[in-house]
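The block underneath contains the structure these notes are about, expressed in structure tokens.
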Amino acid sequence: MTIVNERKLTIARAMAEAMAQEMRIDPAVFVMGEDIAQLGGVFGNTRGLVDEFGKDRVRDTPISETGFISAAVGAAMDGMRPVVELMFVDFFGVCFDAIYNLMAKNIYFSGGHVTVPMVLMTSTGGGYSDAGQHSQCLYGSFAHLPGMKVVSPSNAYDAKGLMTAAIRDNSPVIFMFHKGLQGMGWLGTEAAANVHVPEDAYEVEIGKAAIAREGSDVTIVSIAMGVHHALKAAKVLEAEGISTEVVDLRSLVPLDRDTVRASVRKTGRLIVVDEDYHSYGVSGEIIATVCEAGDITLKAPPRRIAYPDVPIAYAHGMEQFCLPNPEKVAAAAREICRTAVPA
Amino acid sequence: MTIVNERKLTIARAMAEAMAQEMRIDPAVFVMGEDIAQLGGVFGNTRGLVDEFGKDRVRDTPISETGFISAAVGAAMDGMRPVVELMFVDFFGVCFDAIYNLMAKNIYFSGGHVTVPMVLMTSTGGGYSDAGQHSQCLYGSFAHLPGMKVVSPSNAYDAKGLMTAAIRDNSPVIFMFHKGLQGMGWLGTEAAANVHVPEDAYEVEIGKAAIAREGSDVTIVSIAMGVHHALKAAKVLEAEGISTEVVDLRSLVPLDRDTVRASVRKTGRLIVVDEDYHSYGVSGEIIATVCEAGDITLKAPPRRIAYPDVPIAYAHGMEQFCLPNPEKVAAAAREICRTAVPA
Amino acid sequence: MQPSKATLGWMYHNMVTSRKFETIIEKIYMEGKSPVFNMANGPIPGEMHLSNGQEPVAVGVCAHLKPEDIVTATHRPHHQAIAKGVDLNRMAAEIFGKATGLSGGRGGHMHLFDPAVNFACAGIIAQGMGPAVGAALSRKMQGKPGVAVAFIGEGAANQGAFHEAMNLAAVWKLPFICVIEDNAWGISVAKSAATPVKRNDVRAAAYGIPGHYVEGNDPWKIYDVAGQAIARARAGEGPTLIEVETYRLAGHFMGDAEGYRPKGEKDALFAKDPIPLMRKRLEADGTFTAAELTKMEAEAEVKVAAAIKFAREGAAPKPEDALTAVFA
Amino acid sequence: MQPSKATLGWMYHNMVTSRKFETIIEKIYMEGKSPVFNMANGPIPGEMHLSNGQEPVAVGVCAHLKPEDIVTATHRPHHQAIAKGVDLNRMAAEIFGKATGLSGGRGGHMHLFDPAVNFACAGIIAQGMGPAVGAALSRKMQGKPGVAVAFIGEGAANQGAFHEAMNLAAVWKLPFICVIEDNAWGISVAKSAATPVKRNDVRAAAYGIPGHYVEGNDPWKIYDVAGQAIARARAGEGPTLIEVETYRLAGHFMGDAEGYRPKGEKDALFAKDPIPLMRKRLEADGTFTAAELTKMEAEAEVKVAAAIKFAREGAAPKPEDALTAVFA
Ligand SMILES: Cc1ncc(C[n+]2csc(CCOP(=O)(O)OP(=O)(O)O)c2C)c(N)n1
Ligand SMILES: Cc1ncc(C[n+]2csc(CCOP(=O)(O)OP(=O)(O)O)c2C)c(N)n1
Ligand SMILES: [Mg+2]
Ligand SMILES: [Mg+2]
């Protein structure tokens, strides 16, 4: 993926490209949400679409998330393939019924006789002082409930491939994109997320984790922004003689437990990095996945670096104190590479 | 708690008694929700209150959960102490913003300068074929998000004490009551939940787990209905020579990790029973809590008996296939009391 | 708009079918539930919301609809499902939780899906509003014919989802009709205690669309008003909000003691039972003879009996199939 | 209702204070954000929604309010906070994320809480509706004086929370006023593309309550209409829905390129800037002399400068205090 002279895209542009390509080949695909037409989405991921496809297929909505998300469900059941934006994932509380009780369950309630081919894309993440109602990740909140696939890319290649796969999927897919990876300078973007993206359409299989970096001493499991923290920590740790394997989950539902377990089986050490809240979420699930496997011997107790169980503070110093970062990850890795499990 | 001739109450009546006693001593306490006045609540837990306190303080609402729950937040910030009912927890999707983003965060957003003394009581659980939008537990969905305490009693004694503590708390408390424990015959109630309840008001501390049964071979951690499955399994296992300790969490937030860890430290084996969905929820968190402690040696991999990650089916046989029950718990206990951890 | 003789016949037959269906479901629901009433027991477990008395709304509206048109219904969906032409055998089997049911037993009485006639329902108040609006949007975008009707209760008009969907339908001028069944009650909460306006048709003003209230649970009037709204929608002129006065002759759900009803209300409602009233009028104005009407009733009886037989005889689903059909 | 001279003086002074506050915040916000505009940087990080142009709504309403009355505001709250009498020093400090801020830096610009004057705001559209209704309920139940006002944007009137709260306030006849600031835009979505009615005051009909639309961003007219509604609420006659035409002179938030605005719109709006217009009128009708008005402006300047100084000088919160104040 790092061939010289090949074009790199931001995640925002990769998402828009995937949508455009699917819209060209399938008239059923359309996009709707708040400020996604002329504005191109607050986070840039629908930029240019309205110019090519017009206001009918790239449709600004009123501020009525329950209305337009449940409308998307109805449209999807009627043969359309909506890609809908919930501007910030933090807003899920005003429309979660339409998501978890309707979108996610209608296939099941119908006994598999209807399909609900829709994508709900939504932004996650903090770090830029947008305070407690605009900075959350909520990965666990979506992944906990059945009937929806949940993906989140850490780079533009995966973003395009996952978006293409999501649009083509006949089941609902939650596509979570981290604001700090979008390639928008005003969000202090992570440059490593901008990678080579092939021009032709392709799919990244939903439900398969990637080994973002191979290593032998410790496994760091994460998703989206956390993957970059892990990779940065891994570089530092390498210089100290600690070999780090980084697993990029990419998909929370389905969860690729095999890849996680295989990695920890090899390294014997596990750290989970999760920008979502600490308890009852992703970090606990990954640790349980490893510990319940029954054939994995840990050389040290598993660790998690997650957002503490407190609302997200506005003040820069407070928020940064709580967020995962490469330093915290590296420190945890150093510690568990020193510690042994109790006899 | 099992003194002869002392009165027993159902959880429903214990809840109503706690509310009534607090309403008598504190005019700020009031109750609102759908069908909670003359009907006494669909699940009986407000029965009789309107007769004593009138329609102003026991207030039927329109079917507007966002409206009345966010109104309760405003009233709580203005000196009242509302006890609000969300009829089925499954309906949280229409009003979760009012709960998790408003009720749960206003104390923090105000820097601790306002209090939000309110209780949100809501029914959980299935088993009586009420299908996929009326049978969920969603413990993990509430416990994952910061700023609200989350409790769920397994018996009437705890129900009264937790309700009293919740009403007196200056922070928001989610009080989840399992339909199958309410003492309503039409829900096939669990008789063991009806226990002695003292007449005088008392508090059960929020955040403290209880040892529902002592044992030495295996720890079963659960909450609400799961505790009864565990206790029934424990009886069967006892006859087979397996000594089971049952931890009744009672509170998910705060989570009494110490009691869980102390028990597993003693038994060396862990089973989590959770009627909520399997992944990214309570069961993963409890397993992680034990495994990350660092000083607990497990004699066998931890196990969880939870609702699989599928919507809840209507047909009796399908739903029962998925639900935890004493047989599944006992089988898991037998297995792990046989298995050893890998060397 | 006046219904033709054929339409009136269909309407009466359909109302009777619905009532006979509810009547037998009511009876079977109690099997296994005495002496102790426990919802979990018997061939039909769970909650059961009967539609007795509300049949005129279903037939008055659905008489104008084709299979391609979309209907979303609520937790009280049987009359609408029957009027929309949902397969009665598989619907009954679903209510019995059988493998032969519409959803193989996964859905149950509150989750009846029949894509062949574009019917769906849901257990959350006002949840059907958005999907119907979205289906209407789909038709408009695809340039395909079809209108979408969402049936809700009067209690549901206070739910946020109602407002958002109405607004969306109006701003996008979609072929959508919201039909509110005003049976005067939520569960135990009276409309007057929940809604500050007497009639929800005034809420149409909030969306700049036509609003109508139909009094008296009258099949002819409902047919008329619904027909105009549906024609308007088909002509691309946008949505309409209709509220219909109707009567819930049963409890909210089975097991409801109905202690909240004022004394005498039930008797007064039974005196206005729309089925005998319609029969009387059809006979009196000479549309049908008594014998013709009796024949329709007998046909309904046969149809319902066959559906119940189909349901009873169906196999239970395999328990482990609970794990299937989560994803498409 | 006509504002007294004293009230007019307060209104003008307050509008100027608000504008001067926004103007300096706008400037300081850009510190550390060039050459690269990154929201995370500078003394004021995060999103910033300025209220320039919307001051008349805040003062026209809040001129009638006492500290005991309740106001909930939105993501664009500064003008309302200032008009409600929120402590300007601690408000500025909160926007700077300082320990001396209203919430010790936990809340920031979208989460300003000052219980001393019963002011709160929130970042979710229409989220303040319910809490204001609930505070009104609290006063009614306690028999204590006080009205509650929820300010929202015109875009928020399409959110379910708006509908549910209006309905609740109306059915319970609470001392509540919803004031919609119609600045014609959501973020980039025009009111006409989101709302099927021209004016949201017609939505009052959905709740059987009075509705008013105030044109022209005119402080006198707003004062009049709001005064009547608030008097009505204090008299126990229930809620009112008011929409006010106003102008957003800035972008939706800082960094907004405003490409969605039709050509010339910004110039036309600046020509209607309510502050110079009010000054002109106050001088022309002889209410105040030019010198008096200039003095008010100077006082506002001093007050704002003091607040900014207080904010700048405050200590940063201890990072680990992020873990405190979660529970009461
Ligand atoms: C969001 C939500 N809140 C509450 C309920 C519980 N509930 C089921 S039916 C009902 C009453 C509905 O009244 P109405 O809309 O008038 O319909 P009706 O039952 O009269 O047909 C209530 C409150 C629900 N299913 N969903
Ligand atoms: C529920 C919800 N949806 C979307 C947003 C994102 N958002 C913030 S401000 C805004 C526009 C609001 O428009 P309006 O209500 O007219 O207020 P204005 O910004 O014009 O003051 C949007 C869509 C949000 N904060 N909350
Ligand atoms: Mg009703
Ligand atoms: Mg606006």
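Each chain gets a letter, A, B and so on, in the order its sequence line appears, and its residues count up from 1.
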- prompt: What part of B:Met103 gets closer than 4.5 Å to chain D, counting heavy atoms only: side chain, backbone, both or neither?
  reply: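 B:Met103 has no heavy atom closer than 4.5 Å to chain D.
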Practice item. Identify which part of B:Phe30 has an atom lying under 4.5 Å from any heavy atom of chain D, answering side chain, backbone, both or neither. Key: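 Contact with chain D involves the side chain of B:Phe30 alone.
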Which pair of heavy atoms, one from [X] and one from [Y], lies closest together, and at what distance?
X	Y	answer
B:Ser171	D:Ala328	OG-N, 2.7 Å
B:Pro62	D:Trp172	CD-CZ2, 4.4 Å
D:Ala325	B:Gly112	CB-N, 3.9 Å
D:Arg106	B:Gly111	NH1-CA, 3.8 Å
B:Asp78	D:Ala135	OD2-O, 3.8 Å
D:Phe327	B:Ile107	C-CG2, 4.0 Å

Should we count NZ of D:Lys140 as having more than 12 external heavy atoms under 6.0 Å?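 Counting neighbours around NZ of D:Lys140, more than 12 heavy atoms of other residues, nucleotides or ligands fall under 6.0 Å, so yes.
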- Run the side-chain contact (heavy atoms from CB on, under 4.5 Å) check on B:Met77 and D:Phe113 step by step: do they pass? CA-CA 11 Å; B:Met77 287 169 60; D:Phe113 282 71; 3.8 Å; yes
Inset, instruction - Below 4.5 Å from any heavy atom of chain B, which atoms of D:Asp114 appear? Answer side chain, backbone, both or neither. - result: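 No part of it gets close to chain B.
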Chain B contact via D:Thr324 - side chain, backbone, both or neither, heavy atoms under 4.5 Å: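 D:Thr324 touches chain B through backbone heavy atoms alone.
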From [X] atom [atom1] to [Y] atom [atom2], the distance as rounded to the nearest 0.5 Å:
X	Y	atom1	atom2	result
B:Met80	D:Gln142	CE	CD	5.0 Å
D:Ile124	B:Ser70	CD1	OG	12.5 Å
B:Ser110	D:His111	OG	NE2	12.0 Å

Greatest number of heavy atom pairs closer than 4.5 Å to chain B - which of D:Ala165, D:Gly108, D:Pro115:
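Answer, by heavy-atom pair count under 4.5 Å with chain B: D:Pro115.
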**Prompt:** Pick from D:Lys144, D:Arg139, D:Glu94: which one has the most heavy-atom pairs with chain B under 4.5 Å?
**Reply:**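 Of D:Lys144, D:Arg139, D:Glu94, D:Arg139 has the most heavy-atom pairs under 4.5 Å with chain B.
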Query - Contact check, side chains of B:Lys105 and D:Val326, non-hydrogen atoms, under 4.5 Å - result: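 Of all side-chain heavy-atom pairs linking D:Val326 with B:Lys105, none is under 4.5 Å.
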| D:Leu137 side chain reached by B:Arg59 side chain, heavy atoms, under 4.5 Å |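 Result yes, sub-4.5 Å side-chain heavy-atom pair found.
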Among B:Asp169, B:Asn101, B:Val116, residue most engaged with chain D (heavy-atom pairs, under 4.5 Å)
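Ranked by contacts with chain D, first place is B:Asn101.
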* Most contacts with chain D, counted as non-hydrogen pairs under 4.5 angstrom, among B:Leu102, B:Asn170, B:Val114, B:Thr115 ->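 Top option by heavy-atom pairs under 4.5 Å: B:Leu102.
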Any side-chain to backbone donor/acceptor pair from [X] onto [Y]? Under 3.5 Å, distance only.
X	Y	result
B:Tyr108	D:Ala322	yes
D:Ser103	B:Phe109	yes
B:Thr66	D:Ala161	no

Practice prompt. Check whether the side chains of B:Asp97 and D:Gln127 place a donor and an acceptor atom closer than 3.5 Å, and report yes or no.
Written response: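 Per modelled atom types, B:Asp97 and D:Gln127 side chains form a pair under 3.5 Å.
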Note to self: side-chain contact (heavy atoms from CB on, under 4.5 Å) for B:His113 and D:Leu102? Distances and angles first, verdict last.
What the structure shows: CA-CA 9 Å; B:His113 296 302; D:Leu102 288 167; over 6 Å; no
